[in-house]
Amino acid sequence: MNPENSRIPKNLIRENVQPIKTNMKMKNVIITSFILALVLSSCGDKNQAPTAPPPPVLPVLAITSANTTTDAEYPASIQGTVDVEIRPQVSGNLDRIFVDEGAYVSKGQTLFKINERPYREQLNNALASLHAAEAALINANLEVDKLTPLVQNKVVSDYQLKTAKASQKIAAANIEQAKAMVGSAKINLGYTNVTAPVSGYIGRLPKKQGSLVSASDVEALTTLSDVHEVYAYFSLGETDFIHFKEQYAGSSLGDKIKKLPPVTLILADNSAYPKTGKIDMVDGQFDKTTGAITIRATFPNANGTLRSGNTGRIRLGLQHDDAILVPQSATVEMQDKVFVFTVGKDNKVTKMPITVVGKSGTNYLIKEGVKTGDQIVLSGIDKLQDGQAIQPEKSTKVAEVTNKK
């Protein structure tokens, strides 16, 4: 130990050490407070609620009413203007078939040939009977000519002459009967040659050459369709038919039919037939089973594109006054129901079911669910929830409904 240090008083040492200890304690308090503040700050950030995102900005449309035309489609069946079954009128073996399935034939063209020999012999027999009747009439005439002067000279009685004249009338009647038999035999012989009653297309040929055919057969030899024009038959329910009639002026249904616009035929591949048709017939009564009435539209078919048995849909335009239209893009379908999102005064949306009664272009014609003045969301509805708030788009570039008057 240094001798000089031993000479320092003890009370001076205590006085110097005490401030050093006090300073160390203050530093420890400050550090502890800083750490505690950091911990509390961190905990405060974790407990603070996240900031809610702003409501989405979506375009909104105000519903208005307008006059418009909707296209209604009805299933249709197509037939030729003439659809006939070709059946044999006499029995016999089918000797020849002169046409093929699907061939076009002209009126009067020979289609089938039935064995004619039995019927030719019947004709020969009828001719022979006619000749015999003619000979009997000649003989009866001679008898009358012979007896007439004898009666006049009172050589024979009047009774014999009357008997001869009666035989003369019988012979004349036999000739008429024989002529009828000849005519019938000729008809039957002609029936062995089966011809086309109209021009058109041949259907299936279920009977083959050599088959035995008869007029009583259940199945026809074939069918023949005249399709230079075709008929498209479709049906309207009672409500649609009433609406259909009320649209057009006229004192009678016939007058209304004359003023009907052309109709379009939609084919099975959803393409439109290039020629429009004209409604020219309305059935006289409703079907009691279906509650619908049948209507016929006629279409030209010069190229033979359409055939009997085709199916399709008749597209019929119906006029609607003060109709409410909603874009299809502003709707959503769920469980066979259609919904729109209406916007309330507080900018909250409500999922509203609507009743669709037709289409006009890309728009739905609405019967129930929304009314004039209601506002609906036009787009961005896929993620909307019922009751969610939105910010209506203020821009003027909002999708418009094509409901021009």
Side-chain angles (χ1 to χ4, degrees), residues 82-100 103 105-200 202-203 205-226:
V82 178
D83 281 336
V84 293
E85 291 183 339
I86 306 300
R87 292 183 174 275
Q89 298 296 308
V90 293
S91 301
N93 290 322
L94 195 60
D95 279 352
R96 295 285 303 277
I97 299 176
F98 295 97
V99 293
D100 197 2
V105 297
S106 301
K107 181 179 180 179
Q109 181 177 337
T110 300
L111 307 178
F112 305 95
K113 183 65 177 178
I114 298 173
N115 185 7
E116 67 174 20
R117 288 187 300 172
Y119 301 99
R120 187 166 294 281
E121 295 302 323
Q122 289 179 9
L123 175 60
N124 292 336
N125 186 36
L127 289 172
S129 298
L130 174 60
H131 297 328
E134 290 173 344
L137 178 60
I138 293 173
N139 190 34
N141 290 337
L142 290 175
E143 186 67 18
V144 170
D145 292 341
K146 181 184 74 172
L147 292 175
T148 298
L150 294 177
V151 172
Q152 290 175 352
N153 295 326
K154 296 182 180 181
V155 175
V156 297
S157 66
D158 184 55
Y159 175 79
Q160 290 180 322
L161 179 59
K162 290 181 179 179
T163 302
K165 287 183 177 180
S167 298
Q168 184 186 41
K169 289 183 178 180
I170 293 174
N174 289 336
I175 288 178
E176 297 301 323
Q177 185 178 22
K179 286 182 178 179
M181 293 177 63
V182 170
S184 178
K186 286 183 177 179
I187 290 174
N188 288 336
L189 180 62
Y191 282 154
T192 61
N193 191 41
V194 183
T195 60
V198 294
S199 298
I202 294 293
L205 299 175
K207 302 289 186 179
K208 305 303 179 183
Q209 185 172 339
S211 300
L212 180 64
V213 297
S214 171
S216 61
D217 287 345
V218 175
E219 195 171 26
L221 292 175
T222 189
T223 56
L224 180 59
S225 299
D226 180 4

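The structure displayed is predicted, hence computed values, not measured ones. FYI, the numbering just counts along the sequence from 1.
- Among pairs with a residue in residues 165-175, those fulfilling side chain to side chain donor-acceptor pair (under 3.5 Å) read N141-Q168, at least two apart in sequence or across chains.
- Put simply, the side chain of R87 gets close to the backbone of V218: a donor and an acceptor are under 3.5 Å apart.
- Heavy-atom minimum distance, A171 versus A140: CB-CB, 4.2 Å.
- Put simply, CD1 on I114 and CG on L212 are 9.5 Å apart, with the number rounded to the nearest 0.5 Å.
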**Request:** Under the side-chain contact (heavy atoms from CB on, under 4.5 Å) rule, what do L161 and V144 come out as? Steps first, then yes or no, please.
**Result:** CA-CA 6 Å; L161 179 59; V144 170; 4.3 Å; yes
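- The two residues A164 and L147 make their nearest non-hydrogen contact at CB-CD1, 3.6 Å.
- Inter-residue side-chain proximity for L94 and Q209 is flagged as unmet; no heavy-atom pair is nearer than 4.5 Å.
- With rounding to the nearest 0.5 angstrom, the CG atom of L127 is 12.0 Å from the CD atom of Q122.
- More than 12 heavy atoms of other residues, nucleotides or ligands shown are found within 6.0 angstrom of NZ on K113.
- Remark: the backbone N or O of D83 is not paired with any side-chain donor or acceptor of S225 at under 3.5 angstrom.
- At a threshold of 4.5 Å between non-hydrogen side-chain atoms, the residues V213 and F112 do not count as touching.
- D100 is not listed as a side-chain neighbour of I202, based on a closest heavy-atom distance of 4.5 Å or more.
- Residue K208 qualifies as enclosed at atom NZ: its count of foreign heavy atoms under 6.0 Å is above 12.
- Put simply, the side chain of Q109 reaches to within 4.5 Å of the side chain of V99, judged on heavy atoms.
- Across all their heavy atoms, L137 and A172 have their closest contact at CD1-N, 3.7 Å.
- With values rounded to the nearest 0.5 angstrom, K186 atom NZ is found 13.5 Å from M181 atom CE.
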**Asked** Going through the checks in order, is the side-chain contact (heavy atoms from CB on, under 4.5 Å) test met by L111 and F98?
**Response** CA-CA 5 Å; L111 307 178; F98 295 97; 5.9 Å; no
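- Two residues are said to be in side-chain contact when any heavy atoms from C-beta on lie closer than 4.5 Å; Y119 and S91 meet this criterion.
- Note that CZ of R96 is 11.0 Å distant from CG of N193, once rounded to the nearest 0.5 Å.
- For the pair K207 and D217, the minimum side-chain heavy-atom distance is below 4.5 Å.
- Nearest heavy atom pair, residue V151 against residue S157, reads CG2-O, 3.6 Å.
- Nearest heavy atom pair, residue V84 against residue P197, reads CG2-CG, 4.0 Å.
- A heavy-atom distance below 4.5 Å is found between the side chains of K179 and I175.
- If you take CG on N125 and CG on L130, they are separated by 11.5 Å, rounding to the nearest 0.5 Å.
- Counting heavy atoms from C-beta on, the side chains of L205 and L221 never come closer than 4.5 Å.
- Taken to the nearest 0.5 Å, the CG atom of D158 stands 10.5 Å off from the CD atom of Q152.
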